[in-house]
Amino acid sequence: MVIKLIGCLLIASAGFFTGCVLTQRLKNRRDFYDKFCVFISLLQTQIRYNSADIFSLVISSARGSGLELFDTPKTDVPFTAFWDNSLSALPKKYGLNNSDKELLYKFGSALGTTDIEGQLKHLGLYGEIFQNRLSECENALKDKSRIYRALGLFGGISTAIIIL
């Protein structure tokens with residue numbers, strides 16, 4: 001009987017832990033968008049006041065914002081390939097879904113392809129889009145985090161009761 005109770009307690013804990021993992025995924029996604037909005041702001045400033053190539057501007061802006069996305073590029077690779085390779089290596093810890101990745105690919109495909117004014121307009125447009133995504137992430141975190149933990153706990157408790 002004691003072993004059964006310990007097993008039930010472990011099952012309930014596992015359910016709660018699952019809810020906590022899902023909540024952490026929401027937090028990681030929100031943190032990514034927060035850093036990416038800072039990245040866009042820094043990149044706008046860099047493009048406006050610095051005449052370096054797009055590789056250097058993106059890398060320095062990413063480092064300044066705390067994003068760990070980009071390595072030192074190979075000079076013989078076009079920027080779009082560099083961007084796509086960097087995004088394909090994104091860790092799953094950020095909790096990004098397919099629409100997030102698609103938006104990031106679209107954003108990077110136009111970087112470095114127009115003059116300074118075109119780049120600033122592009123960054124302004126996508127800055128608003130990413131700011132909206134950040135707001136969505138914050139709302140989802142606020143709305144769903146308690147639900148995930150509660151459902152995980154109650155699901156674990158329900159399973160434990162069924163086993164008893």
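FYI, the numbering just counts along the sequence from 1. All figures in this text were calculated on a predicted structure; none of them were measured in a lab.
In this structure, Ile11 is not a member of the same hydrophobic cluster as Leu9, with clusters built from ILVMFWY side-chain heavy atoms closer than 4.5 Å. Placement of Leu123 and Val38 in two distinct hydrophobic clusters is found when ILVMFWY residues are connected by side-chain heavy-atom separations under 4.5 Å, directly or transitively. At a threshold of 4.5 Å between side-chain heavy atoms, the hydrophobic network of Ile, Leu, Val, Met, Phe, Trp and Tyr places Ile157 and Phe16 in one connected group. Cluster annotation: Leu111 is connected to Tyr126 through the hydrophobic network of ILVMFWY side chains, with a link wherever side-chain heavy atoms come within less than 4.5 Å. Side-chain heavy atoms closer than 4.5 Å link hydrophobic residues (I, L, V, M, F, W, Y) into clusters, and following such links, possibly through other members, connects Tyr105 to Phe82.
Annotation for Gln46 and Ser61: closest pair CG-OG, 3.4 Å, computed over non-hydrogen atoms. Across all their heavy atoms, Ser60 and Leu57 have their closest contact at OG-O, 3.2 Å. The two residues Ala110 and His122 make their nearest non-hydrogen contact at CB-CE1, 3.5 Å. Heavy atoms only, all atoms of each residue included: Ala62 and Ser65 are closest at O-OG, 3.0 Å.
The distance from the CG atom of Asn85 to the OG1 atom of Thr80 is 9.5 Å, given to the nearest 0.5 Å. Annotation: the span from Ile59 atom CD1 to Arg63 atom CZ amounts to 6.0 Å, rounded to 0.5 Å. Taking CD1 from Ile163 and CG from Leu5, the interatomic distance works out to 11.5 Å, rounded to the nearest 0.5 Å. If you take CD1 on Ile40 and CG on Leu125, they are separated by 9.5 Å, rounding to the nearest 0.5 Å. The CD1 atom of Ile161 sits 10.5 Å away from the CZ atom of Phe154 when rounded to the nearest 0.5 Å. Taken to the nearest 0.5 Å, the CZ atom of Arg133 stands 15.5 Å off from the CG atom of Asp34.
Within 6.0 Å of CZ in Phe17 there are 12 or fewer heavy atoms belonging to other residues, nucleotides or ligands. The environment of Asn97 atom CG is dense: over 12 non-hydrogen atoms of other residues, nucleotides or ligands sit within 6.0 angstrom.
Between Phe32 and Leu67 the shortest side-chain heavy-atom distance falls below 4.5 Å. Side-chain contact between Leu96 and Leu104: present, with at least one pair of heavy atoms (C-beta onward) separated by less than 4.5 Å. At a threshold of 4.5 Å between non-hydrogen side-chain atoms, the residues Arg48 and Leu120 count as touching. Between Lys144 and Leu22, the closest side-chain pair of non-hydrogen atoms is not below 4.5 Å. With contacts defined as side-chain heavy-atom distances shorter than 4.5 Å, the pair Phe79/Thr113 does not qualify. Ile116 is not listed as a side-chain neighbour of Gln119, based on a closest heavy-atom distance of 4.5 Å or more. A 4.5 Å side-chain heavy-atom check between Phe107 and Phe130 finds at least one atom pair inside the cut-off.
If you check the side chains of Glu128 and Asn132, you find no donor sitting under 3.5 Å from an acceptor.
Listed by chain and number, the residues in a salt bridge (Lys or Arg N to Asp or Glu O under 4.0 Å) with Lys106 are Glu102 (sequence neighbours excluded). By the side-chain hydrogen bond (donor to acceptor under 3.5 Å, both in side chains) test, Arg25 is found to be paired with no residue, residues two or more places apart in sequence or in another chain being considered. For Leu141, the side-chain contact (heavy atoms from CB on, under 4.5 Å) partners at least two apart in sequence or on another chain are Thr23, Leu26, Lys27, Arg30, Ser145.
A ring-centre distance under 6.0 Å is not found for Phe36 and Tyr33.
The backbone N or O of Ala81 sits nowhere less than 3.5 Å from a side-chain atom of Asp84 that would complete a donor-acceptor pair. Side-chain atoms of Ser41 never come within 3.5 Å of backbone atoms of Cys37 as a donor-acceptor pair (strictly under, hydrogens ignored).
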What do the steps show when you test Thr18 against Tyr148 for side chain to side chain contact (heavy atoms under 4.5 Å, CB included), and what is the final call? CA-CA 8 Å; Thr18 302; Tyr148 283 164; over 6 Å; no
